Amino acid sequence: MFEITLNALSAILLVTGGVFALIGGLGLIRFPDFYTRLHAGGVTDTLSPLLIVAGLILQSGGTILSLKLLLILLFLLFTTPTASHALARAAMAAGLRFWGGERASTDSEDRR
Amino acid sequence: MKTALLIAIAAILGTMLLALMRALRGPSVYDRIVAVNVFSTKTVLLIALITYLTGHADLIDVALVYALVNFVAIVTVLKLVRERNLAPAKDPGDHRPDV
Amino acid sequence: MRHIISLCFLLAGLWLALSGHTKPLLLGLGVVSVALVTWLSHRMDVLGAEHDPALFSWRLPVYWGWLAWQMVLANLEVAACVIRPSRLSPQIVEVAAPQRTEIIRVTYANSITLTPGTVALILDGDRLTVHALTQNSADGLREGTMEHWTRWLETGQGRTAEP
């Protein structure tokens, strides 16, 4: 019984993780400008790894495989914001427009 | 259980396809980099899922290394796009120590 | 010196966890690589930069748990936007980052970026410029719940009622 519940929960987590990845990918296509697409990329880079790794860990339990998956998740969650920030910063420095007409502020701050 | 794994893999592959479409369409180089970033984090997840599907536990190390390399690659590409050079000569305004 | 020793232990633990082998050859390679990485970090002068005692207190896992929940909520918000793009109202928000130490300030900025719907654009002194995807996520940021939590992570005080 316990086994069945665990498997069902794991399956639900895996499928929702996949669905959120697809939603993020769809946002990547549908959103109007670079900055909004960055947010859509954020969906596929945060929630979907979280759900999929959680689903996989439920299947392998307390093994070394789970530990490695946790490390992957930790590393993804640490690097994703840094990469997004670097991307946004680079795009601002290049003067990419914000959707809605606002212009990116000067890049004086960007260069140290 | 296999079914859930296969559904997740299909969804991840679909996401990768959407990211590729964005990478092809652009319009700016930064849009392409976002798309490539999404593509590579999805590769990590895909490898992790395939590990469970096939049962080859060693494959997870590939995913781990890919997750590490991916971040370095994105930052390097950003620097390349911005500086047009990966090891630019020092300009007078640059105060960074020359290590 | 304290930092060097703690880094060595951390790296050795990581090596053992990732390899899972105890053959003399592999352990020897592990020792060599731990020594190499420690020497490189020493040479790069990054040793100890991130060794803030507050980060290793029991508050960190609590903060991560809260952050994970916030991530789920923020993702639902962005997902709703993907399905109905009319909800989009991207805007630039400026908020204060009054955290005392730099590392917690960066944690704050990174947490903002980690929750989709808000991306930290510029961190300049104690001003933080953020790109928000919707009115809702901008308002959530102005409320300052996350800022309270990061200050609680820093000092153990200043957290308001549960969000």
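First the proteins, then the strands, lettered A, B, ... as listed; each starts at 1. For clarity, every value in this text was computed on a predicted model and none was experimentally measured.
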Pairs of donor and acceptor atoms involving the side chains of residues 13-23 of chain A, under 3.5 Å and at least two apart or interchain, shall be tabulated with distances.
residue, atom, partner, partner atom, Å
A/Thr16, OG1, A/Ile12, O, 2.5
A/Thr16, OG1, A/Leu13, O, 3.1

Problem set entry | C/Thr115, part contacting chain A, at a heavy-atom distance under 4.5 Å | neither
Exercise. So A/Leu74 and C/Trp64, side-chain contact (heavy atoms from CB on, under 4.5 Å) or not? Walk me through it.
Worked result: CA-CA 11 Å; A/Leu74 193 72; C/Trp64 280 358; 4.0 Å; yes
Exercise. Between C/Leu133, C/Val119, C/Val78, which is the residue that forms a side-chain contact (heavy atoms from CB on, under 4.5 Å) with A/Thr36?
Worked result: C/Leu133
Problem set entry | Heavy-atom proximity to chain C below 4.5 Å, by part of A/Ile29 | neither
Problem set entry | Which portion of A/Ile64 sits near chain C, non-hydrogen atoms under 4.5 angstrom |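 It is the side chain, since no backbone atom gets that close.
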Exercise. What parts of residues 11-18 of chain C touch chain A if we use heavy atoms and a cut-off under 4.5 Å?
Worked result: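 So far as heavy atoms go, C/Leu14, C/Ala17, C/Leu18 are the residues that approach chain A to under 4.5 Å.
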Exercise. Can you tell which of A/Gly42, A/Pro81, A/Ala88 has the highest number of heavy-atom pairs within less than 4.5 Å of chain C?
Worked result: A/Pro81
Exercise. Can any side-chain N or O of A/His39 pair as donor or acceptor with the backbone N or O of C/Pro116 at less than 3.5 Å?
Worked result: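 Checking the backbone N and O of C/Pro116 against the side chain of A/His39, no donor-acceptor pair under 3.5 Å is found.
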Exercise. Between A/His85 and C/Thr113, what is the shortest heavy-atom contact and its length?
Worked result: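 Taking every non-hydrogen atom into account, N-CG2, 4.4 Å.
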For this session: Give the minimum heavy-atom separation between A/Met92 and C/Ile122, together with the two atoms involved.
Result: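 Residues A/Met92 and C/Ile122, closest heavy atoms: CE-CD1, 3.9 Å.
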For this session: Quick one: do C/Val82 and A/Phe31 satisfy side-chain contact (heavy atoms from CB on, under 4.5 Å)? Show the steps, please.
Result: CA-CA 7 Å; C/Val82 173; A/Phe31 279 176; 3.7 Å; yes
